[in-house]
Amino acid sequence: MNLEFSFIIPVFNRPSEIHELLQSFSVLNGDKNFEIVIIEDGSTKPSNKIVSNYQEKLNITYLVKENSGPGDSRNYGMQRAKGNYFIILDSDCILPSNYLNIVKTSLTDNYFDCFGGPDAAHETFSNLQKAINFAMTSFITTGGIRGNKTQINKFQPRSFNMGLSKEAFLKTGGFGNIHPGEDPDLSLRLWKLGFQTVLIPKAFVYHKRRITWSNFYKQVSKFGLVRPILNEWHPESKKITYWFPSVFIIGFAIALFLMAFSVYPLIIFYGIYFSLVFILALISTKSLIIAFQSVFATLIQFTGYGFSFIKSISILKLSNQKPEDIFPELFFKTK
């Protein structure tokens with residue numbers, strides 16, 4: 001098919017991010033015959049001045065709407081986009097120069113209605129950003145769920161770097177109003193309708209998370225709250241691996257307790273694991289500081305996700321209410 005790309009980018013109070021992303025668009029290799037749709041999601045710090053600086057260089061459609069969350073904003077953009085294939089990005093991403101060429105070649109050689117790509121840390125990122133990137137992408141910490149090559153043809157794309165055909169969008173209705181979790185929910189609905197998803201390993205983006213330790217904890221806690229809801233909506237998606245962070249952090253607490261009574265085997269196991277995290281992070285980043293921070297980021301990730309996962313399962317089992325009523329902070333109200 002003749003691929004006509006529209007990039008879909010919601011933004012909320014992040015004009016500096018849009019500047020960096022549009023700058024990366026302007027130096028992409030190959031044909032620049034694509035559309036960029038920026039959706040201003042009720043921002044009080046609009047990006048219009050930044051966008052205007054690039055409108056002579058790039059084909060940009062700039063839309064402004066009331067705040068309704070990233071999922072609904074992506075749908076809003078796709079409904080108004082002119083292309084037949086949408087590439088969805090977060091505003092805090094930066095594109096490598098060969099990104100679009102890789103996507104075009106992959107979809108031309110082996111077409112899929114939905115693809116995802118990994119995220120990576122750029123050399124200019126802060127130590128904290130690199131440490132959190134390691135914790136969220138390494139096989140030893142997350143099993144590579146954001147870009148594991150062993151799951152290429154059964155991959156759940158994440159909406160920071162995701163492609164979706166217009167046909168698939170129209171048949172699914174796009175993203176739901178849960179957040180986070182709107183992207184795996186969409187993947188699971190796509191599979192039920194017979195669409196296939198794929199990982200394009202080389203189509204990575206630099207994901208410049210603007211985050212603090214406390215914000216990172218809140219983010220992964222929400223991931224833990226959302227997963228049992230998705231399991232309830234899509235029972236076929238349940239996996240024992242979703243329990244691993246909870247088991248890990250409970251085991252760590254037990255290990256610390258036993259250590260007080262001079263029982264050391266369990267804490268030695270955790271010491272070996274965190275040493276491996278440190279060594280792999282050191283090899284990957286070549287920085288002692290980032291390696292130490294990666295250990296801390298991994299502990300925060302397991303703690304936030306693990307305890308929230310147990311909390312969500314417990315409340316959902318004991319309550320007769322809908323998830324939207326139990327956890328209103330996880331759902332945007334659409335107009």
Side-chain angles (χ1 to χ4, degrees), residues 8 10 12 41 67-76 78 88-92 114 116-119 132 135-137 142-148 151 154-162 164 168-169 172-193 195 197 199 207 209 211 215-246 301-302 304-317 319 321-334:
I8 309 297
F12 180 70
D41 185 26
N67 179 256
S68 60
D72 186 60
S73 295
R74 296 180 193 116
N75 293 344
Y76 186 90
M78 287 186 283
I88 301 155
L89 301 172
D90 279 357
S91 63
D92 59 354
C114 181
D119 52 346
I132 289 176
M136 294 190 73
T137 61
T142 62
I145 61 170
R146 298 168 74 89
N148 184 352
Q151 297 177 329
K154 201 65 174 175
F155 180 66
Q156 294 182 13
R158 298 299 192 264
S159 51
F160 64 84
N161 179 14
M162 177 182 189
L164 185 69
F169 167 67
T172 59
F175 294 95
N177 65 336
I178 191 170
H179 179 72
E182 70 273 21
D183 28 23
D185 171 59
L186 176 55
S187 293
L188 292 164
R189 289 188 286 112
L190 284 165
W191 293 348
K192 289 177 183 178
L193 291 172
F195 291 102
T197 61
L199 168 68
H207 198 179
R209 300 177 183 88
I211 201 165
N215 286 341
F216 180 52
Y217 181 84
K218 291 176 184 176
Q219 182 185 52
V220 293
S221 294
K222 284 187 175 183
F223 291 158
L225 291 175
V226 159
R227 179 49 65 179
I229 297 173
L230 297 178
N231 289 346
E232 189 174 279
W233 289 351
H234 309 282
E236 74 284 356
S237 71
K238 292 181 180 179
K239 294 180 182 178
I240 190 68
T241 51
Y242 295 143
W243 282 91
F244 284 3
S246 301
Q301 182 170 253
F302 284 158
Y305 183 101
F307 285 137
S308 293
F309 182 83
I310 294 173
K311 173 185 174 182
S312 182
I313 283 182
S314 302
I315 294 175
L316 288 170
K317 293 291 184 185
S319 176
Q321 293 180 290
K322 294 180 180 180
E324 293 91 329
D325 298 324
I326 301 172
F327 302 110
E329 71 276 13
L330 300 178
F331 294 86
F332 281 95
K333 299 200 179 292
T334 55

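Keep in mind that this is a model prediction, so the values were computed, not measured.
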I need the minimum non-hydrogen distance between [X] and [Y], along with the two atoms involved.
X	Y	answer
Pro70	Phe332	CD-CE1, 3.6 Å
Ser237	Asn231	OG-OD1, 3.5 Å
Glu182	Gly176	CB-O, 4.1 Å
Pro10	Ser91	O-CB, 3.7 Å
Leu190	Ala168	CD2-CB, 3.7 Å

Classify the ring geometry between Phe309 and Trp243 as parallel (under 30°), tilted (30 to 60°) or perpendicular (over 60°).
->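 Rings of Phe309 and Trp243: perpendicular, over 60°.
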
Value rounded to 0.5 Å, distance of [atom1] in [X] from [atom2] in [Y]:
X	Y	atom1	atom2	answer
His179	Ser68	NE2	OG	11.5 Å
Lys311	Leu225	NZ	CG	5.5 Å
Asp185	Thr172	CG	OG1	9.5 Å
Ser159	Leu186	OG	CG	9.0 Å
Ile310	Ile315	CD1	CD1	12.0 Å
Trp191	Thr197	CH2	OG1	5.0 Å

Close side-chain approach of [X] to [Y], heavy-atom, < 4.5 Å:
X	Y	result
Pro323	Leu330	no
Phe175	Ile88	yes
Ile178	Val226	yes
Pro245	Phe302	yes
Tyr305	Gln219	no
Leu89	Ile8	no
Phe327	Gln321	no
Phe216	Met136	yes

Return the set of residues passing side-chain hydrogen bond (donor to acceptor under 3.5 Å, both in side chains) with [X] (not counting sequence neighbours), or none when no residue passes.
X	answer
Ser73	Asp41, Lys65
Asn75	none
Gln301	none

Short side-chain to backbone donor-acceptor contact, Arg158 and Asp119, under 3.5 Å |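 No.
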
In plain terms, say whether Glu329 and Lys222 are close enough for a salt bridge, that is, a side-chain N and a carboxylate O under 4.0 Å apart.
->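 Salt bridge: no.
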
Would you please name every residue forming a salt bridge (charged side-chain N to carboxylate O under 4.0 Å, His left out) with [X], sequence neighbours left out?
X	result
Arg227	none
Asp183	none
Glu236	Lys192

Give me the one residue out of Pro228, Ser246, Ser308 that meets side chain to side chain contact (heavy atoms under 4.5 Å, CB included) with Ile313.
->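 Result: among Pro228, Ser246, Ser308, Pro228 is the only option passing the side chain to side chain contact (heavy atoms under 4.5 Å, CB included) with Ile313.
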
